[in-house]
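Here the structure comes first, spelled out in structure tokens, and everything after it is commentary.
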Amino acid sequence: MIALLIRDLRLALRAGGGFGLGLAFFLILTVLVPFSVGPQSALLAVIAPGVLWLGALLACLLSLDRLLALDWEDGTLDLLATAPLPLESVVTVKALAHWLTTGLPLVLAAPVLGVLLNLPTPGYAWLVVSLLVGTPALSVIGTFGAALTVGLKRGGLLLSLLVLPMYVPTLIFGAEVARRGAEGMATSTPLLLLAGITAAVIALLPFASAAVLRVNLR
């Protein structure tokens, strides 16, 4: 398991689909938003939680098409499917590698980029908490989408269409946690709902992803 995780981390970074691509997109979006909506500090403070969460979601989406495609192309996925290691564990490791190379760097960068959007001071901690709780769900859902579209030529668009609707609840409650925290309101309800979504996704989707892969590899 650890060897597989290290391999996937190296592969993600070597293939150019790791933290560099996601962080670059996240930075570009954050820098461009003030130019599009204007420099009003009050307006930027209101939209900052939603913009930062949307940027993190789209940045996670960028590297999903590479998540299983490289292993499919060189035959590694077939070997992993017949290895003694359960396919559910393989899928979980790949989701973890995606989160470590994409989700975690976005979590760490979000407070810094929040300064550019005039995020209120109380919102920084809640933004980090919401991203820490919610971004693992994005990686696991994305792995499921990658399993559904593996082997398809130009499946990136289909992958986005399949995954984005499943991302919406995480986006809604994640942004709500950050917004309420920035405004000094209670965050327990949206945070519990966000954690519940992440827990359910982690518990169920690796089995669904493994089942889909078994069908696609036949």
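No hydrogens, no waters, no symmetry mates; every other heavy atom, side chains included, goes into these values. All values derive from a computational prediction rather than experimental measurement.
Of all non-hydrogen atoms in His98 and Ser63, the two that sit nearest each other are NE2-OG, 3.0 Å. Heavy-atom minimum distance, Cys60 versus Leu138: SG-CD1, 4.1 Å. Minimum interatomic distance between Leu106 and Ala56 (heavy atoms only, all atoms of both residues): CD1-O, 3.6 Å. For Tyr167 against Leu64, the heavy-atom pair with the smallest separation is OH-CD1, 3.5 Å. Residues Ala182 and Pro120 share a closest heavy-atom pair of O-CB, 3.7 Å. Considering all non-hydrogen atoms of both residues, Pro206 and Val140 come closest at CD-CG1, 4.2 Å.
Between the CG atom in Leu131 and the CG atom in Leu57 there is a gap of 10.5 Å [rounded to 0.5 Å]. Annotation: the span from Leu158 atom CG to Leu148 atom CG amounts to 8.0 Å, rounded to 0.5 Å. The CD1 atom of Ile202 lies 9.5 Å from the OG atom of Ser139; values are rounded to the nearest 0.5 Å. Here the straight-line distance linking atom OG1 of Thr102 with atom CG of Leu23 works out to 8.5 Å at 0.5 Å rounding. Taking OG of Ser209 as the reference point, atom CZ of Arg214 lies at 10.5 Å (rounded to 0.5 Å). Considering OG1 of Thr143 and CG of Leu68, their distance stands at 7.0 Å, rounded to 0.5 Å.
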Chi angles and distances behind the side chain to side chain contact (heavy atoms under 4.5 Å, CB included) call for Trp53, Leu127: CA-CA 8 Å; Trp53 245 98; Leu127 174 65; 4.2 Å; yes
Worked check of side chain to side chain contact (heavy atoms under 4.5 Å, CB included) between Leu117 and Leu113: CA-CA 7 Å; Leu117 296 178; Leu113 298 181; over 6 Å; no
Leu52/Phe26 under side chain to side chain contact (heavy atoms under 4.5 Å, CB included): CA gap, chis, key distance, verdict: CA-CA 8 Å; Leu52 290 168; Phe26 202 17; 4.1 Å; yes
Working for side chain to side chain contact (heavy atoms under 4.5 Å, CB included), residues Thr170 and Thr198: CA-CA 8 Å; Thr170 300; Thr198 300; 5.6 Å; no
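Side chain of Thr187 to backbone of Gly181: no donor-acceptor contact under 3.5 angstrom is found.
Side chains of Leu191 and Trp126 form a contact here, defined as non-hydrogen atoms less than 4.5 Å apart. Contact check for Pro111 versus Val128: side-chain heavy atoms found under the 4.5 Å cut-off. Side-chain contact between Leu213 and Val90: absent, with no pair of heavy atoms (C-beta onward) separated by less than 4.5 Å.
Apart from Ile172 itself, the hydrophobic cluster it occupies contains Val168, where clustering links Ile, Leu, Val, Met, Phe, Trp and Tyr at side-chain heavy-atom distances under 4.5 Å.
Following chains of ILVMFWY side-chain contacts shorter than 4.5 Å, one can reach Val31 starting from Leu43, so the two form part of one hydrophobic cluster. Criterion: ILVMFWY side-chain heavy atoms under 4.5 Å apart, direct or through other members. Under it, Val51 and Val115 are part of a common hydrophobic cluster. Val177 and Leu192 fall into different hydrophobic clusters, where Ile, Leu, Val, Met, Phe, Trp and Tyr residues are linked whenever their side-chain heavy atoms come under 4.5 Å apart, directly or through other members. Connection of Leu162 to Val215 is not established within any shared hydrophobic cluster, with ILVMFWY side chains joined at heavy-atom distances below 4.5 Å, either directly or through further cluster members. Under the 4.5 Å side-chain heavy-atom criterion for ILVMFWY residues, no single connected hydrophobic cluster contains both Leu87 and Leu204.
Considering only residues two or more places apart in sequence or on other chains, Thr135 meets the side chain to side chain donor-acceptor pair (under 3.5 Å) condition with Trp99.
Within 6.0 Å of CZ in Phe207 there are 12 or fewer heavy atoms belonging to other residues, nucleotides or ligands.
When each of Val133, Val129, Thr189 is checked for a side-chain contact (heavy atoms from CB on, under 4.5 Å) with Leu194, only Val133 meets the rule.
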